[in-house]
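What follows is one structure encoded as structure tokens, with my remarks underneath.
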Protein chains: 2
Amino acid sequence: MGPTIRDVAARARVSKATVSYVLNGRPGVSARTRQRVLEVMEELGYRPNTVARSLASRKTQTLGLVIPDISDMFYAHIIRGVESAANERDYILNLCTTRSDPRREREVVDSLMSGRVDGVILMTYSLDHAYLEKLRATGRPFVLLDDPDAGPSLHAVSVDNSEAGFKAAEYLISLGHRKIAFIHGSPRSRDTWYRFSGFRRALQASGVALREEYVRVGDFTRDGGFKAASELMSLPDPPTAILAANDQMAIGALEAITRSGRRVPEDVSLMGVDDIEAASMIRPPLTTIRQPTYEMGRQAVDLLVRLIGGEELEPRHILLPVTLVVRESCRSAT
Amino acid sequence: MGPTIRDVAARARVSKATVSYVLNGRPGVSARTRQRVLEVMEELGYRPNTVARSLASRKTQTLGLVIPDISDMFYAHIIRGVESAANERDYILNLCTTRSDPRREREVVDSLMSGRVDGVILMTYSLDHAYLEKLRATGRPFVLLDDPDAGPSLHAVSVDNSEAGFKAAEYLISLGHRKIAFIHGSPRSRDTWYRFSGFRRALQASGVALREEYVRVGDFTRDGGFKAASELMSLPDPPTAILAANDQMAIGALEAITRSGRRVPEDVSLMGVDDIEAASMIRPPLTTIRQPTYEMGRQAVDLLVRLIGGEELEPRHILLPVTLVVRESCRSAT
DNA sequence: TTGTACGCGTTATCAT
DNA sequence: ATGATAACGCGTACAA
């Protein structure tokens with residue numbers, strides 16, 4: 001292939017060591033020698049071999065990211081955050097998607113942890129405590145992303161999902177709503193429960209009753225949201241406001257509400273969580289809760305790079321705040 | 001860090017070579033010895049060092065992907081295709097985003113081509129012929145993505161953008177439309193011109209005149225589409241159908257058409273290109289042209305892996321077909 | 001099966 | 001102060 005450090009050394013009539021020093025801008029080389037070495041490098045079009053460098057220095061300048069998917073915008077934004085922060089620190093990103101497949105999650109983590117990268121950011125769902133503890137024992141640093149139940153000995157960056165439910169409910173209550181419904185995502189998802197708990201907390205804090213028939217399940221899909229909202233709308237005493245655990249369901253709910261002959265926001269206020277792209281494109285634009293996805297990726301890299309640098313940080317869970325995005329799908333209760 | 005091949009060899013009382021053979025499932029090791037080595041590996045929790053392996057074998061089992069962005073769904077789907085195809089072939093993906101910044105494009109390509117990966121997929125915009133030829137001289141294989149003007153000595157996988165414009169126009173014409181407008185994206189984009197050329201070709205093929213005032217520029221943004229369509233709607237003799245060079249602009253155009261007091265599709269038929277997520281979520285759902293993004297990523301990997309494998313393939317440009325996605329934003333001209 | 005020379009830089013030690 | 005020598009990192013591959 002290309003010329004190696006030996007070729008450069010030979011041509012410049014110095015030793016490999018000297019070339020290495022020049023390469024890394026280290027002292028111990030006279031200006032004249034350095035100049036000559038640089039010229040030879042240029043002349044030969046020399047590029048140091050990254051792999052050899054990694055082997056010798058025990059640093060790969062690469063971070064691993066394990067994440068379920070990429071076409072979901074939620075993950076896409078996280079990846080972007082990771083990527084940009086990694087680049088700023090001169091790290092390259094190894095991206096591994098798993099589709100949340102447990103076997104693949106293990107495979108990929110094993111592969112990454114075998115020296116390929118300096119550290120890993122994990123957004124996994126099947127790796128249990130025992131496995132993560134074993135990972136920790138390898139000494140290679142890693143950070144968990146959006147795992148609110150991570151063990152106390154691990155580093156994690158998460159979104160405050162409970163706050164998401166709280167802020168949404170709080171907003172609806174501030175508009176005067178008292179009959180507020182909640183549409184759950186998949187019951188297996190932790191996120192939906194955290195959001196619901198915040199939702200309930202806000203209601204309690206304001207003394208608003210939570211009616212059992214106002215709580216539905218929608219599986220995070222548009223169709224699920226549609227069905228759940230249809231049921232809500234056919235209730236004898238339908239809610240005046242609905243919070244869906246994500247935007248997809250909110251968009252489905254919008255459809256159902258419209259079909260029932262009601263209008264958003266005139267008759268029913270509607271909110272989602274996520275702030276997906278479509279949220280601002282539908283009519284009316286959807287009021288929602290935005291998650292700090294990009295920031296999450298950045299923070300994870302931040303933490304990880306410090307760990308790689310050898311800092312002895314206390315394991316801690318960083319919980320990032322969400323923000324309310326007011327658009328036009330909510331209105332004061334009459 | 002962890003145990004090395006030497007530790008395993010010592011403990012199993014064999015040579016490094018033997019361990020290596022066991023590791024790679026190669027012959028020349030008796031069943032009993034193999035068994036003992038495997039046990040020791042298990043016992044020590046041995047994981048071969050990926051970097052050392054790469055250095056010795058001159059294979060990294062890693063592919064590089066250079067792409068402008070990731071939050072744009074167009075790119076996201078490509079990445080997904082690349083990732084899934086790469087995984088199937090036991091390659092890991094190095095993802096580098098550039099935001100189309102010329103300096104970063106070079107930086108990243110240089111970094112990847114210095115031995116870090118076995119091959120690279122390039123979706124770049126600033127790398128010129130001279131540079132690409134220099135890359136080719138390095139001997140490390142690479143494939144260009146969506147670069148319809150790639151030199152004949154290079155490998156490339158692209159979408160048939162001209163066909164996109166052609167199919168869209170053909171469809172509108174088949175519905176009886178004769179007064180058809182086109183909204184350009186950014187004039188610097190090649191895609192918009194290819195789409196336009198197909199559009200024009202279809203009109204010519206059917207003997208439909210292309211009126212100058214029906215061609216506008218919208219810069220690929222929703223706002224641009226809005227403005228362009230507003231102008232079209234205020235023409236003395238407005239078009240009955242509009243093709244926007246992408247969905248974003250089509251969505252902006254929908255807004256403008258509605259504001260002008262007309263309805264889609266009753267008064268004006270509207271089409272986009274891309275099939276972004278929002279296309280199916282707006283009312284009416286947008287008829288559009290879907291690009292084989294996922295497939296594009298897969299094909300690029302396919303080609304690249306064959307090149308890495310040493311196949312002497314003729315440089316060729318693979319052109320992937322687009323598909324018409326009929327929804328509800330078009331209707332027969334009255 | 002083993003011994004050992006690689007692959008290609010890095011870095012500690014030594015010589016001038 | 002400069003620069004050379006050589007061990008090292010960890011597997012791979014070929015001759016013995």
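Since the model is a prediction, treat every value here as computed from it, not as a measurement. Here is the naming used below: chain letters follow the sequence lines, and residue numbers restart at 1 for every chain. Scope of the values below: all heavy atoms of this structure, side chains included, with no hydrogens, waters or symmetry mates.
- At a threshold of 4.0 angstrom between heavy atoms, the contacts of T4(A) are confined to the sugar-phosphate backbone, with no base atom among them.
- In this structure, the NZ atom of K16(A) is 11 Å from the P atom of dA6(D), given to the nearest Å.
- In this structure, the side chain of R104(B) engages the main chain of T97(B) through a donor-acceptor pair within 3.5 Å.
- Protein atom CD1 of I5(A) is 18 Å distant from nucleotide atom P of dC6(C), rounded to whole Å.
- Screening residues 293-303 of chain A for salt bridge (Lys or Arg N to Asp or Glu O under 4.0 Å), with sequence neighbours left out, gives E88(A)-R298(A), R89(A)-D302(A).
- In this structure, T33(B) reaches the sugar-phosphate backbone alone: every heavy-atom distance under 4.0 Å involves primed, P, OP1 or OP2 atoms, never a base.
- Here the side chain of L55(A) is nearest to one of dT1(C), dG7(C), dT10(C), namely dG7(C).
- Counting to the nearest Å, the P atom of dG7(C) and the CZ atom of R47(A) are 21 Å from each other.
- In this structure, R58(A) atom CZ and dC8(C) atom C1' are separated by 16 Å, rounded to whole Å.
- Closest to the side chain of T18(B), out of dG7(C), dT1(C), dA13(D), is dT1(C).
- When the nearest nucleotides of DNA chain D are assigned to Y46(B) and G28(A) by heavy-atom distance, the more 5′-ward of the two goes with G28(A).
- DNA chain C is contacted by both R32(B) and A52(B); R32(B) maps to the nucleotide lying nearer its 5′ end (nearest heavy atom per residue).
- T124(B) and E105(B) form no side-chain donor-acceptor contact under 3.5 Å, judged by distance and modelled atom types alone.
- Residue N49(B) has its side chain nearest to dC10(D) when only dC10(D), dG9(D), dC8(C) are considered.
- For A56(B), the side chain to side chain contact (heavy atoms under 4.5 Å, CB included) criterion is met by no residue, not counting sequence neighbours.
- The CD-P distance, from Q61(B) to dG11(D), rounds to 16 Å in whole Å.
- For the salt bridge (Lys or Arg N to Asp or Glu O under 4.0 Å) condition, the pairs that include at least one residue of residues 38-47 of chain A, sequence neighbours left out, are R11(A)-E43(A).
- Between P27(B) and A56(B), the residue anchored nearer the 5' end of DNA chain C, judged by the nucleotide with its closest heavy atom, is P27(B).
- For the helix from dT1(C)-dA16(D) to dT16(C)-dA1(D), the rotation axes defined at the first and last 5 base pairs enclose an angle of 50°, given to the nearest 10°.
- Scanning for side-chain hydrogen bond (donor to acceptor under 3.5 Å, both in side chains) contacts around S71(B) gives R80(A), D69(B), with sequence neighbours left out.
- Partners of D147(A) by salt bridge (Lys or Arg N to Asp or Glu O under 4.0 Å), not counting sequence neighbours, listed by chain and number: R190(A).
- Taking atom CZ of residue R26(B) and atom P of nucleotide dT2(C), one finds them 16 Å apart after rounding to whole Å.
- When distances run from any side-chain atom of S15(A) to the nucleotides dT2(C), dT10(C), dT5(D), the shortest one goes to dT5(D).
- Between S30(B) and dT1(C) there is a side-chain polar atom (N or O) within less than 4.0 angstrom of OP1 or OP2.
- Side-chain atoms of I78(A) and M123(A), non-hydrogen and from C-beta on, do get closer than 4.5 Å to each other.
- Of the listed nucleotides (dT10(C), dG9(D), dT1(C)), dT10(C) has the atom at the smallest distance from the side chain of S57(A).
- Considering only residues two or more places apart in sequence or on other chains, L38(B) meets the side chain to side chain contact (heavy atoms under 4.5 Å, CB included) condition with V22(B), R34(B), M41(B).
- The stretch residues 107-119 of chain B has no heavy atom under 4.0 angstrom from DNA chain D at all.
- Take R136(A) and apply the salt bridge (Lys or Arg N to Asp or Glu O under 4.0 Å) test, not counting sequence neighbours, and it matches E133(A).
- Residues passing the side chain to side chain contact (heavy atoms under 4.5 Å, CB included) test with R26(B), sequence neighbours excluded: Y21(B), N24(B).
- Scanning for side chain to side chain contact (heavy atoms under 4.5 Å, CB included) contacts around R6(B) gives T4(B), K16(B), with sequence neighbours left out.
- The side chain of R6(B) has dG9(D) as its nearest neighbour among dT10(C), dT12(D), dG9(D).
- For dT10(C), the OP1/OP2 oxygens have a side-chain nitrogen or oxygen of S20(A) closer than 4.0 Å.
- Side-chain atoms of V14(A) lie closest to dA4(D) of the nucleotides dT12(D), dA4(D), dG9(D).
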Below 3.5 Å between N/O atoms, which protein atoms pair up with nucleotides 12-16 of chain C? Just atom names and distances, please.
unit_1	atom_1	unit_2	atom_2	d
dA12(C)	N6	Y21(A)	OH	3.2

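- Going from atom CZ of R53(A) over to atom P of dC10(D) covers 19 Å, rounded to whole Å.
- The side chain of V29(A) lies closest to dG3(D), out of dA7(D), dC10(D), dG3(D).
- In terms of heavy atoms, P292(B) sits closest to V159(B) at CD-CG2, 3.9 Å.
- When heavy atoms are screened at a 4.0 angstrom cut-off, R34(B) is found touching no nucleic acid atom at all.
- Residue L23(A) contributes atom CG, which lies 15 Å from atom P of dC8(C) at whole-angstrom precision.
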